[in-house]
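A quick note: this is a predicted structure, and the numbers were derived from the prediction, not measured. First the proteins, then the strands, lettered A, B, ... as listed; each starts at 1.
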Amino acid sequence: MLQVQFLRENKQSVVQSLKVKNFDASTIIDKVIELDDNRKSTQSSSNDLLARANSIAKEIGVLFKTGKGEEANSLKEESSQIKEKTKVLQSNLSEIESEIRDLLVQIPNVPHSSVPEGKSDEDNETIKEVGTIPKLGKNKKPHWDLCSDYNLIDFELGNKITGAGFPVYTNKGAKLQRALISYFLDKNTGAGYTEFQPPHLVNEASGFGTGQLPDKEGQMYQVTEDNLYLIPTAEVPITNFFRDVIVKKEDFPIKCTAYTPCFRREAGSYGKDVRGLNRLHQFDKVEILQVQHPNKSYETLDLMVDHVASILDELELPYRILRLCGGDLSFTSALTYDFEVYSGGQDRWLEVSSVSNFESYQSNRLKLRYKDKTGKNKLCHTLNGSALALPRIFAALIENNQTTSGINIPKVLQEYTRFDIIE
RNA sequence: GGAGAGAUGGCAGAGUGGUCGAAUGCACUGGUCUUGAAAACCAGCGUACAGCAAUGUACCGGGGGUUCGAAUCCCUCUCUCUCCGCCA
């Protein structure tokens with residue numbers, strides 16, 4: 001959510017920048033400012049009345065103390081009239097405030113100046129491509145075939161006990177999964193991130209804090225009996241650690257990492273995108289997240305990108321880094337780099353990480369602030385990314401490393417898996 | 001699941017109808033003192049909105065009510081704790 005003050009001061013540039021996201025902000029900003037003017041004047045007349053009512057109450061107190069209670073009657077009369085008036089003003093005010101809020105949540109975050117124009121993922125800008133596309137020959141298989149050949153994942157069993165999109169990892173598949181989680185967490189903590197194990201269910205307030213609620217309610221699994229939601233990403237619980245928090249500026253940067261399963265309803269997905277591990281209702285992910293001073297957040301974004309890249313380097317997976325264009329950039333992000341690995345069995349790029357700077361967009365909603373030099377509270381910047389999402393890494397690893405004699409495990413994982421080949 | 005207790009500022013903890021945005025202690029910040037530090041002393045120290053400012057208004061878990069006036073009384077919701085039951 002953007003701040004009204006910010007919109008007032010930067011209307012033209014905001015409108016201009018949001019064109020990159022294909023969003024016409026002009027009318028909505030005018031409406032917000034108009035409502036905010038209205039808010040100010042309503043609040044100020046209400047405050048004047050309340051001030052009078054407060055002083056009447058004090059006067060009456062004095063009158064009663066000095067035994068002149070009967071002189072209070074006319075004051076009481078005035079006070080109850082004031083009460084009528086303020087009641088109306090107050091209800092107008094809360095209506096105006098909720099209208100402003102409703103409008104503000106419709107305005108996406110302002111994209112960073114480096115965000116390229118574009119309508120869809122086809123317009124994303126490839127800024128780096130690393131590694132070589134594997135040449136697998138014509139006997140190559142996609143991961144779903146490899147999974148059944150080598151007994152790594154039982155999709156049918158998952159269908160039986162839960163449904164489509166809930167795979168059962170078995171044998172060396174389960175071990176590889178566990179190895180990846182440990183390896184990712186070790187890499188992240190090694191880079192200074194503090195490890196957390198958050199709850200996998202969150203309450204309504206947390207859903208609002210990170211913006212899943214009220215709009216994207218349909219994307220989350222809900223436990224209605226207790227009014228809790230299964231997390232779609234660790235970002236939700238971890239970011240909400242910082243809801244209503246004022247951090248000390250010497251604490252910057254705050255770096256968190258967590259492994260969690262992620263639950264997504266993925267309503268409306270179909271086709272080759274959902275085959276095998278490509279898109280699941282439950283999947284594992286290790287997330288990294290930082291809270292940073294506004295002056296340093298872009299420096300931090302670069303560091304996070306480098307960090308994710310170093311993991312993919314070690315896994316020896318070919319990957320490319322994309323700068324998302326305005327049309328593909330998420331609602332809340334100012335700048336996002338996507339990581340895609342090449343999965344040789346399917347011959348396609350798979351998104352495995354998305355690293356974003358939200359600037360103060362999340363912080364404003366969360367009320368996550370720090371005290372600046374003059375003691376004023378200012379909004380922090382938040383950033384997060386996957387390091388990394390498991391299923392597509394799993395898919396790319398087994399597809400790219402398949403040989404006629406088995407699937408080779410990259411060196412860096414072997415101390416975690418305790419085997420170097422799946423036969 | 002049953003019974004009870006509670007929710008106040010960063011923390012601890014007073015406050016049961018008026019001058020309480022809230023005592024006191026700790027923590028924190030600045031100053032005096034000191035070669036330096038500690039101690040002691042002095043001062044400051046919640047958040048939001050409006051305003052150039054003085055200041056005003058709101059907030060004592062959330063919402064509603066009674067009253068001229070509510071942290072304090074009433075209703076309701078949420079959460080936490082204790083005991084019992086169940087249990088990894």
Item checked: Euclidean distance for C1', B:C87 against B:C74 (whole angstrom) -> 40 Å
Notebook entry, point to check: Which base, if any, makes a Watson-Crick or G-U wobble pair with B:C73, both distances under 3.5 Å?
Noted result: B:G65
Next item on the list: With RNA chain B as reference, determine whether A:S44 or A:I246 sits nearer its 5' end, using the nearest nucleotide of each.
Entry: A:I246
Next item on the list: Find out whether A:P142 and A:E399 are in side-chain contact, i.e. whether some heavy atom of one side chain is under 4.5 Å from a heavy atom of the other.
Entry: yes
Next item on the list: Take atom P in B:G2 and the same atom in B:A27, then report the distance between them in whole Å.
Entry: 45 Å
Next item on the list: Hunt down the Watson-Crick or G-U wobble partner of B:U55, both distances under 3.5 Å, from any strand shown, or write none.
Entry: B:A50
Check: Rounded to the nearest Å, what distance is computed from the CZ atom of residue A:R52 to the P atom of nucleotide B:G56?
Finding: 15 Å
Item checked: Ring-face cation contact, A:F252 with A:K296, 6.0 Å cut, 45° max -> no
Next item on the list: Find out whether A:Y319 and A:D313 are in side-chain contact, i.e. whether some heavy atom of one side chain is under 4.5 Å from a heavy atom of the other.
Entry: yes
Next item on the list: Give one of base, sugar-phosphate or nothing for A:I60, where a contact means two heavy atoms less than 4.0 Å apart.
Entry: base
Notebook entry, point to check: Which value, in whole Å, describes the distance between the P atoms of nucleotides B:U66 and B:C75?
Noted result: 15 Å
Next item on the list: Check every strand shown and say whether A:K376 touches a base, only sugar-phosphate, or nothing at a heavy-atom separation below 4.0 Å.
Entry: nothing
Next item on the list: Could you check A:D226 against A:K83 and say which one's nearest nucleotide on RNA chain B is further toward the 5' end?
Entry: A:K83
Margin query: For a quick check of understanding: with a heavy-atom distance under 4.0 Å over all strands, which category does A:D48 fall into, base, sugar-phosphate or nothing?
Written below: nothing
Next item on the list: Kindly determine whether A:Q362 and A:N109 satisfy side-chain contact (heavy atoms from CB on, under 4.5 Å), including the steps that lead there.
Entry: CA-CA 9 Å; A:Q362 287 185 327; A:N109 198 5; over 6 Å; no
Note to self: Roughly how many Å apart are B:U24 and B:G31, using the P atom of each and rounding to a whole number?
What the structure shows: 24 Å
Note to self: Within the 4.0 Å heavy-atom criterion, would you say A:K58 contacts the bases, only the backbone, or no part of the nucleic acid?
What the structure shows: nothing
